[in-house]
Amino acid sequence: MKGKIFTAAAALLLGGTSAAVAKAPPASLWFNGTIITMDGPAPRTVDAVVARDGRIVFAGPERKARSIAGKDAVRHDLRRATMLPGFIDAHSHFAIALQSAGGIDLSDPTLPPVTDAASLIATVRAEADRRQIPAGEWVVVWQYNEEALAERRHVTRAELDSAFPDRKVILLHVSLHGLVANSAALAAVGVDESTPVPAGGIMPKGPDGKLSGLVFESALFLIMPKLPQPTEAQKLAALDAAQTRYAREGFTHAQEGGTQLTDLKFLMSAPARDRLRIDLAALPFHSTLDWVLAQPDLKFGQYQGRFKLQGVKFVLDGSPQARTAYFTRDYARGSPGEGKHPWHGEPVMSEASFQEMAGKVHARGWQIFAHANGDAAIDMALRGFDALGIKAADNRRPVVIHSQFQRRDHLPDYARIGVGPAYFSNHTHYFADTHRTNFPAEVVDFISPLKAAAQAGLHPSNHSDFPVTRLDPFTQLWSSMARTSTTGVISGADQRLSAYAGLQALTTGPAWQVFEENRKGRIKRGLLADFVVLDRNPLTVPVEEVRAIRVLETVKEGQTIWKRGE
């Protein structure tokens with residue numbers, strides 16, 4: 001200690017500088033707006049906020065804030081805008097941006113509208129020609145949705161073969177749980193009629209005994225790892241673009257909600273970690289578990305820079321809109337593609353495998369995330385947690401991602417075990433009309449029951465599952481408040497949220513689910529200075545105008561990382 005004091009003193013005497021005596025950076029002061037703290041069960045606002053060294057040091061009256069900030073403070077005049085804690089992404093697929101670069105995105109508004117199978121094929125062919133994709137190369141298409149086509153059926157392998165005789169084409173389903181491939185694509189990855197269908201996979205054949213081109217659930221792994229991979233430089237560029245996209249929507253924390261080994265290694269690399277400007281939490285897929293367990297230095301729940309491994313994700317079933325989720329009741333329309341009856345879906349992995357692998361994760365003290373959409377898959381998750389002896393008092397906080405078709409009797413079990421339900425209220429808008437073609441109204445009306453979960457004492461969150469639905473917190477907020485489908489049908493009016501409860505599901509709820517409730521999600525002394533500035537106040541905007549709210553600025557640990565117009 002004496003040596004350090006002497007060194008600093010000597011530096012001053014000699015006219016030099018020293019980190020030990022360097023002047024502290026100025027504080028930042030936010031004022032002249034509506035500042036909603038999200039701290040507590042009811043809305044509360046403060047006049048001003050002071051941050052220093054990336055953390056909030058004061059939130060309260062402006063006069064006191066100015067005194068604490070000091071005369072050298074960097075002043076941020078909100079100009080009557082509204083400030084909230086930065087949004088926390090409860091579940092999305094950040095790494096898809098690394099994989100989708102160069103693909104054809106059917107949701108791109110610059111492309112012609114897709115209304116039927118013919119217009120879809122014409123749009124893809126025109127775009128592939130415009131990009132001059134050579135013969136023999138891959139054409140990868142994103143956001144394919146057969147329910148949006150006039151025929152309400154899947155495009156067939158034969159149709160793709162006719163339109164693309166010399167290119168390898170795959171249409172990736174909007175659910176991210178399946179695809180349609182043409183013959184050239186199937187041949188390139190070595191899949192044909194003699195290929196065994198993996199357990200939990202779906203690869204239907206047509207009346208002629210040939211594969212229809214549909215490949216869903218675990219069968220995807222026959223194809224996806226063999227697709228062309230972007231270079232390291234392309235991935236780094238995609239990483240920059242992805243986090244800018246999240247920051248533009250007000251997210252200061254993103255989740256990579258199902259990380260394959262290639263992406264996991266990339267995101268853990270120093271070049272990737274060093275580029276992060278927002279926090280990123282990754283959930284390695286259960287398929288990576290052997291590799292993960294073999295790495296002695298991996299730390300879960302701890303940040304390395306702005307990156308952390310949060311937990312391990314187990315996929316128990318598929319997608320309800322794709323008719324691959326696992327239910328206790330049958331789909332009225334039968335199985336995907338071939339329409340086989342009776343069909344209630346099936347688990348992607350066996351219950352024994354889930355319990356064995358989850359046991360290894362639990363024994364390490366790591367958090368368990370289980371993807372479960374159908375009520376039978378949720379039953380499977382709960383039996384697994386019970387087999388491990390998890391109770392709410394243990395504070396292990398297992399998360400059931402989607403919990404989409406939860407039954408009312410599940411809620412007491414969630415409370416008993418301490419489950420965090422990560423809901424997906426966008427389903428009430430984008431997919432509820434499709435769900436009603438398969439299930440009774442009373443079943444669809446209880447999807448994403450955010451209000452009932454909160455009343456049961458749970459900590460629910462709400463997510464976009466991007467890119468399954470667009471990355472847009474205001475559509476998430478609106479869908480939790482309106483629960484109205486694209487055709488105007490309301491799903492569960494009794495589950496509609498207030499604006500404040502909807503905002504809790506974007507801030508305090510997801511913060512709790514990842515053990516960060518004392519670090520982010522509120523504007524309170526000691527927490528990170530993560531903020532989003534909006535052009536309007538979500539608490540006072542009419543419900544029908546919530547989707548029109550826009551982000552003006554996003555602040556991470558006191559530093560602006562995105563600003564409209566810059």
Side-chain angles (χ1 to χ4, degrees), residues 38 84-100 176 238-259 263 267 272 276-284 301 303 305-311 313 367 369 371 397 399-404 420-427 448 450 459-480 502-517 519-522 527-528 530-532 534 538 549 551 554-557 561-562:
M38 299 307 300
L84 289 155
F87 295 134
I88 299 171
D89 170 34
H91 176 72
S92 69
H93 298 276
F94 184 91
I96 291 293
L98 311 180
Q99 303 162 10
S100 61
L176 298 182
L239 176 67
D240 288 340
Q243 63 180 327
T244 297
R245 185 169 190 171
Y246 278 77
R248 187 177 68 217
E249 300 298 337
F251 288 100
T252 53
H253 172 118
Q255 187 180 108
E256 203 321 274
T259 318
D263 292 329
L267 292 171
L276 286 174
R277 292 175 287 116
I278 63 173
D279 289 339
L280 178 62
L283 312 180
Y303 279 98
R306 299 198 190 282
F307 175 82
K308 72 170 174 174
L309 296 169
Q310 184 64 51
K313 181 184 180 181
Q367 195 175 6
F369 290 75
H371 163 116
R397 305 186 192 181
V399 174
V400 179
I401 298 170
H402 307 320
S403 292
Q404 195 60 250
Y423 292 126
F424 189 5
S425 69
N426 280 359
H427 261 257
S448 289
L450 284 135
H459 298 269
S461 66
N462 194 11
H463 62 262
S464 69
D465 202 18
F466 172 77
V468 175
T469 65
R470 58 186 293 198
L471 188 68
D472 177 0
F474 308 111
T475 294
Q476 292 170 240
L477 176 61
W478 170 82
S479 66
S480 72
L503 289 170
Q504 286 178 309
L506 297 173
T507 54
T508 56
W512 182 90
Q513 289 181 0
V514 293
F515 293 90
E516 294 203 52
E517 69 271 24
R519 191 170 185 263
K520 57 183 66 165
R522 296 173 290 160
L527 275 65
L528 293 180
D530 292 356
F531 311 128
V532 58
L534 310 178
I549 297 173
V551 173
T554 303
V555 177
K556 181 75 178 93
E557 295 174 38
I561 59 172
W562 186 85

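Worth knowing before you read on, the calculation uses all heavy atoms, side chains too, and leaves out hydrogens, waters and symmetry mates.
- Contact record, Leu450 with Ser480: CD1-CB, 4.1 Å, taken as the closest heavy-atom pair.
- Arg277 CZ to Ile561 CD1: the interatomic distance, rounded to the nearest 0.5 Å, is 6.0 Å.
- Under the 3.5 Å distance criterion, the side-chain polar atoms of Asn462 are left unmatched by any main-chain donor or acceptor of Gly502.
- Inter-residue side-chain proximity for Leu503 and Phe87 is flagged as met; some heavy-atom pair is nearer than 4.5 Å.
- For the pair Thr554 and Ala247, the tightest heavy-atom approach, listed with the atom from each and the gap, is OG1-O, 2.6 Å.
- Val532 is not listed as a side-chain neighbour of Thr252, based on a closest heavy-atom distance of 4.5 Å or more.
- The side-chain contact (heavy atoms from CB on, under 4.5 Å) test applied to His93 returns His91, Ile96, Leu176, Glu256, Lys313, Asp465, Pro467, not counting sequence neighbours.
- Put simply, the side chain of Gln513 gets close to the backbone of Pro421: a donor and an acceptor are under 3.5 Å apart.
- Every residue meeting the ring-ring contact (aromatic ring centres under 6.0 Å, His included) condition with Phe94, not counting sequence neighbours, appears here in chain and number order: Tyr246.
- The two atoms that bring Ser461 and Ala90 nearest to each other are OG-CB, 3.3 Å, heavy atoms only.
- For the pair Leu267 and Leu239, the minimum side-chain heavy-atom distance is below 4.5 Å.
- A heavy-atom distance below 4.5 Å is found between the side chains of Ile401 and Leu283.
- The salt bridge (Lys or Arg N to Asp or Glu O under 4.0 Å) test applied to Arg519 returns Asp279, Glu516, not counting sequence neighbours.
- When side chains are defined from C-beta on, Arg248 does not count as touching Val551, because their heavy atoms never get closer than 4.5 Å.
- We find the NE2-OG1 distance between His459 and Thr508 to be 9.0 Å, quoted to the nearest 0.5 Å.
- Remark: the backbone N or O of Gln255 is paired with a side-chain donor or acceptor of Asp89 at under 3.5 angstrom.
- Across Ser464 and Asn426, no two heavy atoms sit closer than the pair CA-ND2, 4.2 Å.
- In terms of heavy-atom proximity, Leu506 sits nearest to Pro473 at CD1-O, 3.7 Å.
- In this structure, Ile278 and Arg306 have side chains that are not in contact, with every pair of non-hydrogen atoms separated by 4.5 Å or more.
- Within the 3.5 Å criterion, the main-chain N or O of Lys556 finds no donor-acceptor partner in the side chain of Asp530.
- Applying the ring-ring contact (aromatic ring centres under 6.0 Å, His included) criterion to Phe531, with sequence neighbours excluded, gives Trp30.
- Annotation for Ala95 and Asp263: closest pair CB-OD2, 3.8 Å, computed over non-hydrogen atoms.
- Here His253 pairs with nothing under the ring-ring contact (aromatic ring centres under 6.0 Å, His included) rule; sequence neighbours left out.
- One distance of note links OG1 of Thr469 with CD of Gln476; it measures 6.5 Å at 0.5 Å rounding.
- Distance check, rounded to the nearest 0.5 Å: NE2 of His463 to CZ of Phe424 gives 5.0 Å.
- No side-chain donor-acceptor contact under 3.5 Å links Ser403 to the backbone of Tyr423.
- By the ring-ring contact (aromatic ring centres under 6.0 Å, His included) test, Trp562 pairs with no residue at all, sequence neighbours left out.
- Between the side chain of Arg397 and the main chain of Trp512, a donor-acceptor pair closer than 3.5 Å is present.
- In this structure, the side chain of Glu249 does not engage the main chain of Asp472 through any donor-acceptor pair within 3.5 Å.
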